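Read the structure below first, then the notes.
Order of the sequence lines fixes the chain letters, A, B, ..., with proteins taken first and strands second; residue numbering starts at 1 for each chain. Everything numeric here is computed off the predicted structure, so don't read it as measured data.
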Amino acid sequence: MKQFHLRKTPPSSPIDYHIDYESALNQQQLSAVTSPAKRLLILAGAGTGKTKTLIYKVSRLIESGVPPEQIVLLTFTRRAAKEMMERATQLLDERCQYVQGGTFHSFCTQILRKYSNHIGYNNEFSIIDSADSIDLIQHVRSTLNIDHRSQRFPAKRSLAKLFTLHKNKQLDMRVLLQEYYPQFLVHEKDVIRLFKTYESYKAKHHIMDFDDLLFNTEKLFIEYPAILERVSSTCQYVLVDEFQDTNKIQASLCEYFSSFHQNLTVVGDDAQSIYAFRGSDYENILRFPEEHANTELIKLEENYRSSPEILEVANAVLKQSSILFKKKLFTNRESSDLPALIKAIDDKEEAEFISQLVLHLREHQITLGEVAVLFRNARDSFTLELALQSKDIPFKKFGGQKFTEAAHIKDVLAHIRILSNPNDTVAWQRVLMLIEGVGPKTAEDLFLWIQEVQSKQGGASTTDSTHWFSDSEWMNKNYYNGLNRLGSCLINASKCTPWHDSVPLIVDYYLPICKDLYDDASKREEDLASLLQITKTYQDIQSFLTDLVLEPITDTVTDTLASREEEAPLTLSTIHSAKGLEWKHVLIMQCLDGSIPSTFSIDNEESLDEELRLLYVATTRAKEMLYFTYPRTSFRQREGDYLTKASRFLDPITANLEPWELIHDTHDPNLNEGNKPPLLE
DNA sequence: CCCCTGCGACGGGCC
DNA sequence: GTCGCAGGGG
Ligand SMILES: Nc1ncnc2c1ncn2[C@@H]1O[C@H](COP(=O)(O)OP(=O)(O)OP(=O)(O)O)[C@@H](O)[C@H]1O
């Protein structure tokens, strides 16, 4: 017998990393980045560098030769996703742009656009946002003739909420009714019937709502293992930020995505779980190690973001929770002033203080971009926005749907949606009812008639139906003229190439209607002009509509004006949209009982805890200085002026705060600044 | 069948 | 504030 000696090959030459991981990261962070573990959980408090670690891990993988398009980086909010991509690109280079992912919803959409034909959808299915979903529920309800006379039936919003909870929490409708709307338990049967009809309606019309994007992806994976294998084989590494905010289905999607290569890293902080209303469950992250025995757990404890004074307040906030959080954060950052507590006399004074403080900070080298004002409800900043506008302080607001929610934008979008999908009932309904004299019933009849005409033409597209409404049964109606104008507008619009040339036609058609409907038409006209600009950046109608639902425009006209100036604007944001971000100075405004905690949470310990975590998230956004403000009086239409109540969460932390007194200065506003007392003493 | 008015109930955060 | 329903006149 011959012998063949296999030589020992030298170990592959060590990779020449461009990034100095060892000096940028601490011990635990480094071990998370370099860990060979296939399943890794990083469980750590706010500001301990979780996101940073994740970004370094992505860079490290790319530097070690993993193709970026084989890495999937998922997170929860669009802002966090964008922020993460930017930070990664800045750290390494353009290669990071090819990393897959974004939000769960956008990633699932990409998969479904390729494969949803397997589960009975067109790959061109429409996606509806929550407002559309509410409208659709209403529409479906009107077809069911549900008896609401004897006993009040849940409003469309409540129904929508029930339906998402039902899908996301996978709880029985009865249980949900019991917990959230016991007064509607009598309607259980009808609610379920409506839910089923809503579901089948969407399926039949190739419409998906946000929940469907997740559910249908899972369904696809369950029913078609071959597709699962194909998709997951392109996901060599799956990394998930903010894992505490995932719900059951998102957690299970993570397992599916990583099922082929089995590399799954998740990052999160159970103390920052603030999306229970959407069915998220922080138990997901705590259970994560139990799902697989070989999970490596890494904890980070040093906070690199906030001063000790801020961290002290944050810890004191969290201590009020009925659930015990064992972690205690520490920091080596230098001391700052004590966080401030400002009690304004009313909303106006609060807004005035914030805008003057922001200007004062700008004089002292804290730019607007380094300051954020956070609040519980999107509308809490209304008075402040007016004050900022009057002082020409540029700001950008996050949270609240505003632009795409606005009626006039939705109106124009509905026309565009018809061009994209002539079967879109909700869009037709909306468009038809804009015509004077057309109500729900006529709109429904018209829609059925249009569908019939279309099917008679053997599925020919809208382009051929040049004489839609003439010679028809509608000739003699008083709304015939309006109908005809709509008809020719849509026909001309559908012939446009490129597609976005159709938008000016639609806007021209719509403007008279808009002027008739709203007093502030000129402001709305400007919005439509900016919508027009946006449409020009899209090659096709489909991607435009998808993007608009998944990434609704947050810029309003004021923002656009602001962005013309070079200076980075002040940030106004709901706390929910601020998660994962940080600023030098953070103001939390409207710290009132009824706002935070919200009125709807106060008699339920679980939701009260979530409100508290929300305040914790807000406080931990600050690096150098933190301010709590609230008005002592406020105004409501019915009651008039009334005394407010400070947030109950502030009481136990007042010892850690420094009260600031607001003094109205009586000097002539035109007096030289040097002759007045300093703003802050 | 539409559209206006008045009245009571509800109301939040995100994709 | 906004929604959703009831009652009226067109
Ligand atoms: N080892 C480190 N050395 C210096 N700075 C660090 C280190 N780790 C993190 N930081 C800084 O701390 C700040 C917080 O980091 P990061 O945003 O990654 O925290 P996080 O844990 O994701 O926070 P959160 O849970 O609040 O989103 C960042 O400014 C980051 O640059």
Side-chain angles (χ1 to χ4, degrees), chain A residues 74-81 102-109 127-135 138 141-142 148-149 152-161 164 168 180-181 183-184 208-215 242 245-247 249-250 273-280 374-380 382 398-401 404-405 407 432-433 435-446 477-479 517 546-552 554 573-580 590 594-602 607 610-611 613-615 617-618 635-639:
Chain A
L74 291 168
T75 182
F76 211 66
T77 60
R78 292 174 280 125
R79 264 182 104 189
T103 61
F104 277 90
H105 291 84
S106 69
F107 190 55
C108 287
T109 303
I127 304 172
I128 55 171
D129 63 16
S130 42
D132 289 334
S133 143
I134 287 169
D135 287 350
Q138 183 74 349
R141 182 188 155 180
S142 71
H148 49 79
R149 252 161 251 275
R152 205 186 155 76
F153 197 70
K156 53 186 182 180
R157 279 159 206 286
S158 316
L159 289 165
K161 203 183 280 187
T164 22
N168 286 305
Y180 298 96
Y181 305 97
Q183 72 272 34
F184 296 138
M208 295 197 204
D209 62 20
F210 285 133
D211 297 330
D212 294 328
L213 296 175
L214 306 180
F215 274 79
E242 312 282 13
D245 288 322
T246 55
N247 59 32
I249 178 128
Q250 287 163 327
S273 151
I274 53 174
Y275 282 98
F277 70 90
R278 232 180 75 163
S280 83
L374 307 182
F375 34 85
R376 173 64 177 85
N377 307 115
R379 65 179 134 78
D380 289 342
F382 183 73
F398 297 88
Q401 250 59 71
T404 26
E405 286 281 274
L432 291 168
M433 278 176 55
I435 299 170
E436 175 107 63
V438 177
K441 183 71 178 78
T442 313
E444 180 72 21
D445 293 346
L446 274 165
K477 305 286 191 198
N478 57 344
Y479 44 81
L517 238 44
T546 303
D547 261 25
L548 217 57
V549 178
L550 294 183
E551 320 219 349
T554 43
S573 177
T574 58
I575 302 173
H576 282 94
S577 311
K579 102 176 312 210
Q590 295 279 320
S595 271
I596 184 158
S598 125
T599 345
F600 319 114
S601 71
I602 45 180
S607 37
E610 177 147 315
E611 298 289 312
R613 293 194 295 267
L614 207 46
L615 190 63
V617 168
F635 179 82
R636 255 197 300 258
Q637 203 61 262
R638 281 174 186 272
E639 292 119 284

Q.
One pair to check against side chain to side chain contact (heavy atoms under 4.5 Å, CB included): A:Asn168 and A:Asp211. What are the steps and the verdict?
A. CA-CA 7 Å; A:Asn168 286 305; A:Asp211 297 330; 3.1 Å; yes

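- Residue contacts for A:Phe104: at a heavy-atom cut-off of 4.0 Å it reaches no nucleic acid atom on any strand shown.
- The phosphate of B:dG12 has neither OP1 nor OP2 within less than 4.0 Å of any side-chain N or O from A:Thr599.
- With hydrogens and angles left out, the side chain of A:Lys579 and the base of B:dG13 share no donor-acceptor pair within 3.5 Å.
- The distance from atom CG of A:Leu159 to atom P of B:dG11 is 11 Å, rounded to the nearest whole Å.
- Closest to the side chain of A:Gln138, from the set B:dC14, C:dG4, B:dG13, is C:dG4.
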| query | Between A:Lys441 and A:Glu444, does a salt bridge (charged side-chain N to carboxylate O under 4.0 Å, His left out) hold up when you go through it step by step? | reply | CA-CA 5 Å; A:Lys441 183 71 178 78; A:Glu444 180 72 21; over 6 Å; no

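- With a 6.0 Å radius and a threshold of 12 heavy atoms from other residues, nucleotides or ligands, A:Gln183 has its CD atom above the threshold.
- In terms of phosphate contacts, A:Arg379 brings no side-chain nitrogen or oxygen within less than 4.0 Å of OP1 or OP2 of C:dG1.
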For nucleotides 8-10 of chain C, tabulate all protein N/O to nucleotide N/O atom pairs closer than 3.5 Å, reporting atom names and distance.
none

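- Taking side-chain N and O atoms only, A:Arg141 has no distance below 4.0 Å to OP1 or OP2 of C:dG4.
- For B:dC15, the base has no donor-acceptor partner in the side chain of A:Arg78 [N/O atoms by modelled type, under 3.5 angstrom].
- Separation of atoms OG (A:Ser130) and NZ (A:Lys161) is listed at 11.5 Å; rounding is to 0.5 Å.
- Distances shown here put a side-chain N or O of A:Ser158 below 4.0 Å from the OP1 or OP2 atom of B:dG11.
- No hydrogens or angles were tested; on distance alone, a donor-acceptor pair under 3.5 Å links the side chain of A:Glu611 to the base of B:dG12.
- Looking at residues two or more places apart in sequence or on another chain, you find a side-chain contact (heavy atoms from CB on, under 4.5 Å) between A:Asp547 and A:Tyr538.
- Note: NE2 (A:His576) to C1' (B:dG13) measures 4 Å, nearest angstrom.
- Residue A:Phe184 is the one, among A:Ser106 and A:Phe184, whose nearest nucleotide of DNA chain B lies closer to the 5' end (criterion: closest heavy atom).
- Whole-Å rounding puts the A:Phe107 CZ to B:dC15 P distance at 18 Å.
- Scored by the ring pair (Phe, Tyr, Trp, His ring centres under 6.0 Å) test, A:Phe184 finds A:Tyr181 as partners (sequence neighbours excluded).
- No donor-acceptor pair under 3.5 Å is formed between the side chain of A:His105 and the backbone N or O of A:Leu213.
- A search for ring pair (Phe, Tyr, Trp, His ring centres under 6.0 Å) contacts involving A:Phe375 returns nothing, not counting sequence neighbours.
- In this entry the distance linking NZ of A:Lys156 with P of C:dT2 reads 13 Å, nearest Å.
- Across B:dG12, B:dC15, C:dG4, the shortest atom-to-atom separation from the side chain of A:Thr103 is found for B:dC15.
- By the 5.5 Å and 30° criteria, A:Tyr275 is not stacked with the base of B:dG13.
- The CZ atom of A:Arg157 sits 11 Å away from the C1' atom of C:dG1 (whole-angstrom rounding).
- In this entry the distance linking CZ of A:Phe398 with P of B:dG12 reads 22 Å, nearest Å.
- A:Ser133 is linked by a side-chain hydrogen bond (donor to acceptor under 3.5 Å, both in side chains) to A:Tyr198, counting only residues two or more places apart in sequence or in another chain.
- Within the model, atoms CD1 of A:Ile575 and CG of A:Leu614 stand 4.5 Å from one another, a figure rounded to the nearest 0.5 Å.
- Here the P atom of nucleotide B:dC10 and the CZ atom of A:Phe153 are 14 Å apart, to the nearest Å.
- Between A:Asp547 atom CG and B:dC15 atom P there is a gap of 14 Å when expressed in whole angstrom units.
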Give every pair of a protein N or O atom and an N or O atom of nucleotides 1-3 of chain B that lie under 3.5 Å apart, one pair per line with the distance.
residue : atom : partner  : partner atom : Å
B:dC1   : O3'  : A:Thr442 : OG1          : 3.4
B:dC2   : OP1  : A:Gly439 : N            : 2.7
B:dC2   : OP1  : A:Gly439 : O            : 3.2
B:dC2   : OP1  : A:Thr442 : N            : 3.1
B:dC2   : OP1  : A:Thr442 : OG1          : 2.6
B:dC3   : OP1  : A:Gly437 : N            : 2.6

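- Neither OP1 nor OP2 of B:dG13 sits under 4.0 Å from any side-chain N or O of A:Ser598.
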